[in-house]
Amino acid sequence: MTPWSDAYLWLAGFAPGFCRLDQAGDPQLAGGGPVMKVGWYPFAVARDGALSYLAVRDLPDGSGVEFGAVAYGHRAEDAAADLVGHLRAWDARGRDLPQDAFAYWPDGTMPPLRGTLLSVFPERHGTAIITWPPERTGIQADG
Amino acid sequence: MSAADRLLERLRQATALAAGVSIPVPGDLDFLDPQRLRRSLEAPLAGAAGRVRVAGTLDRRLAFIERLDGRWAAADLSGAPHGSRAWPQWADGHLRLDDPGSWLSLATLDDHAVYRLSRPDVQLVALYHPENFPLPRFPLGISDVARAARSTLLGTVRLGDMQLGLTLPELAGQLTARVPDILGISATFGQHDLMTGLLDIVYRLPRPPVVIAGGSLTARNEAILLERYPGLLVARGGGEATIEALLAHWHGDIPLEQVPGLGYAGAARGGGLVIARRTARPVNRDTTSDLLPELDLLPATFAHGGVVQLEGSRMNGVTRSVAFRKDGSHLASTSAVTCGFVPMQGVGGQPEAFFQVPVPGGGRITLRYEDNAPAGSPLTGDILAGEPASRPRPGPVSLSRT
């Protein structure tokens, strides 16, 4: 099985408006089912009047799952498309994140920011950087 | 202004050094080890200034330099004003600052205060069979305990770790040459032979120190250890609150019964040894401000090819357990495992931005941003009332199956 929690890392680094999500009470969203119970995960993208989140369903043959995006609000279609675009990009480059992909550069040092695809996270006393692997070849998207 | 700048620039003036005498430039690593910093100041200032004491935790290190007129220059190397520190009760009436609104102040310290800053001498050691732990990990346990001890401003703390080349014979030599007032031992499963070997050495000393042991091994073997070493103290919990109180007990401030999380042997009854295993009631303690470890052993950990975990492996709210090794000027990961942990609290913590969004029909969701938070809520109006633009059925996004 492919670990897909790194999709969150991808979104955390590349999706503007990435945030964590929690709930109070038992809110029900139109078309989205119970919040945080079915098809909800603890991260979302909320920006410019739109909320989009990751949704997952089982493949009909039981061989895996499919990822989708649900979005509400202003320009929701665009927001859903953006999220789907990130998921496809992660699928191409982020599913085999190596163990040595993470680095921490203290303040006053100069991380190399060219030549590779990086996620850059400012930290209190430095910068955390993820170096993503090259795009996989021979990907066959079937959906 | 860095901690070094504070020492060099204004502290020199405050100490009223004679012309031509300057405060030596401490190296970066001196700031990780307070006694190393003390030594780096003491020797060059001999004759030009009096005693030097360095106390406090890494983030609020305190340097006291005695002037030749008997007064002291007190510098909070963090740059925070002295008045913002939670000064220990023992300092009342014994340590007076002229200007608590500044990080640098002249101070009056009586002998009681100087003694409290100097004793007890605490030595913390972590026991390991290095052959079973070929990859050294930063010794977080004793480093957290060291922080707790230093937060009291009582005495001095030195640390050692058998992952980092320290052997039992070397440790025995250290203890013989300089018996600490308190010896703290941390041991995990598999180190019982080292524990008994060390305790046999310690309790054969003419004047053994107070010995307190902690870690997963002692939690398991407490009764066995107490029966064999009736003078031993056992820290049952994390150890931070225990060491703080034990330092106070060493100074006679509280009885042993008031040291929280402590197990120890009781008095003999009826000719037999009764393991009373009494423990004082744990005190409520604000742990939110005590998450940062001391870093004395960080350079040695890296020097031995070891690894550390960082709060920096929390990236925009997504967490990984990442082991970092030193690679030149930066840290490079050797492993990364999915795991969850809470963000840093208290000292070192950064408040998150959050926005609550009501959901039509009841309840609400909360959006939490750790980095790049918008200035205001990104969701306004009843946007959650309408149908979503997309959904898993129909029209999912299928990804590759490879």
Side-chain angles (χ1 to χ4, degrees), chain A residues 3 5 8-9 12-13 17-32 35 39 46-49 51 55-57 64 66-74 76-77 80 84 87-88 91 99-106 109 111 121-124 126 128 139-143, chain B residues 310-318 320 322 324 327 329-336 338 344 348 350 352 355-374 377-381 383-393 395-402:
Chain A
S5 60
Y8 294 147
L9 274 179
F18 178 82
C19 62
R20 287 187 297 121
L21 186 70
D22 60 34
Q23 70 172 60
D26 190 19
Q28 304 276 327
L29 285 183
V35 175
R47 64 190 293 252
D48 300 333
L51 171 72
V56 177
R57 73 171 183 180
E66 292 176 311
F67 286 25
V70 177
Y72 294 82
H74 180 61
E77 293 284 354
V84 167
L87 293 174
R88 289 196 185 282
D91 180 51
Q99 297 284 294
D100 61 355
F102 298 82
Y104 182 84
W105 292 80
T109 59
F121 301 95
E123 303 285 346
R124 181 162 177 157
I139 297 174
Q140 288 294 318
D142 56 4
Chain B
L310 291 184
E311 161 75 357
S313 55
R314 186 177 181 90
M315 292 153 286
N316 206 358
V318 182
R320 291 290 181 276
V322 183
F324 286 103
D327 183 5
S329 61
H330 73 288
L331 305 179
S333 66
T334 60
S335 71
T338 301
M344 187 74 81
Q350 298 186 76
E352 64 175 11
F355 304 99
Q356 294 183 329
V357 183
V359 176
R364 66 176 183 272
I365 61 173
T366 303
L367 314 171
R368 301 183 183 279
Y369 295 83
E370 294 197 9
D371 299 328
N372 304 313
S377 176
L379 306 180
T380 55
I383 70 154
L384 299 178
E387 288 294 312
S390 181
R391 65 181 68 183
R393 291 187 181 89
V397 177
S398 294
L399 300 176
S400 65
R401 295 169 188 251
T402 57

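Every chain is numbered from 1 and lettered A, B, ... according to where its sequence line falls, protein lines coming before strand lines.
- One finds the CG atom of B:Leu379 at 12.0 Å from the CZ atom of A:Arg47 (value rounded to the nearest 0.5 Å).
- In this structure, chain B has heavy atoms under 4.5 Å from both the backbone and the side chain of A:Phe102.
- Residue contact with chain A, scored on non-hydrogen atoms closer than 4.5 Å, is absent for B:Ala373.
- Atoms CG and CD1, from A:Asp22 and B:Ile365 in turn, are 9.0 Å apart once rounded to the nearest 0.5 Å.
- For B:Thr366, the parts lying near chain A are the backbone and the side chain together; criterion is any non-hydrogen pair under 4.5 Å.
- Between A:Leu51 and B:Val357, every side-chain heavy-atom pair lies at or beyond the 4.5 Å cut-off.
- In this structure, chain A has no heavy atom under 4.5 Å from any part of B:Gln356.
- The two atoms that bring B:Ser329 and A:Trp105 nearest to each other are OG-CZ3, 3.6 Å, heavy atoms only.
- Remark: B:Leu384 CG to A:Tyr72 OH distance equals 7.5 Å, nearest 0.5 Å.
- Heavy atoms closer than 4.5 Å to chain A are found nowhere in B:Pro358, neither backbone nor side chain.
- Separation of atoms CZ (B:Arg320) and OH (A:Tyr8) is listed at 10.0 Å; rounding is to 0.5 Å.
- Distance alone, capped at 3.5 Å, places no donor-acceptor pair between the B:Ser335 side chain and the A:Gln99 backbone.
- Scanning for side-chain contact (heavy atoms from CB on, under 4.5 Å) contacts around B:Thr380 gives an empty result, with sequence neighbours left out.
- Side chains of A:Ser5 and B:Thr338: a donor on one and an acceptor on the other come within 3.5 Å.
- Proximity to chain B (any heavy atom under 4.5 Å) is shown, for A:Asp100, by both the backbone and the side chain.
- To the nearest 0.5 Å, the span separating CG on B:Asp327 from OH on A:Tyr104 amounts to 15.5 Å.
- Nearest heavy atoms, A:Ala46 versus B:Tyr369: O-OH, 2.7 Å.
- Two residues are said to be in side-chain contact when any heavy atoms from C-beta on lie closer than 4.5 Å; A:Phe18 and B:Val318 meet this criterion.
- When the candidates A:Thr109, A:Asp48, A:Leu9 are compared by the number of heavy-atom contacts under 4.5 Å with chain B, A:Leu9 comes out ahead.
- Most heavy-atom pairs under 4.5 Å with chain A, from the set B:Gly317, B:Gly363, B:Pro378: that is B:Pro378.
- Note that CG of B:Asn372 is 9.5 Å distant from CZ of A:Phe121, once rounded to the nearest 0.5 Å.
- The nearest pair of heavy atoms linking A:Ala101 to B:Ser333 is N-OG, 3.4 Å.
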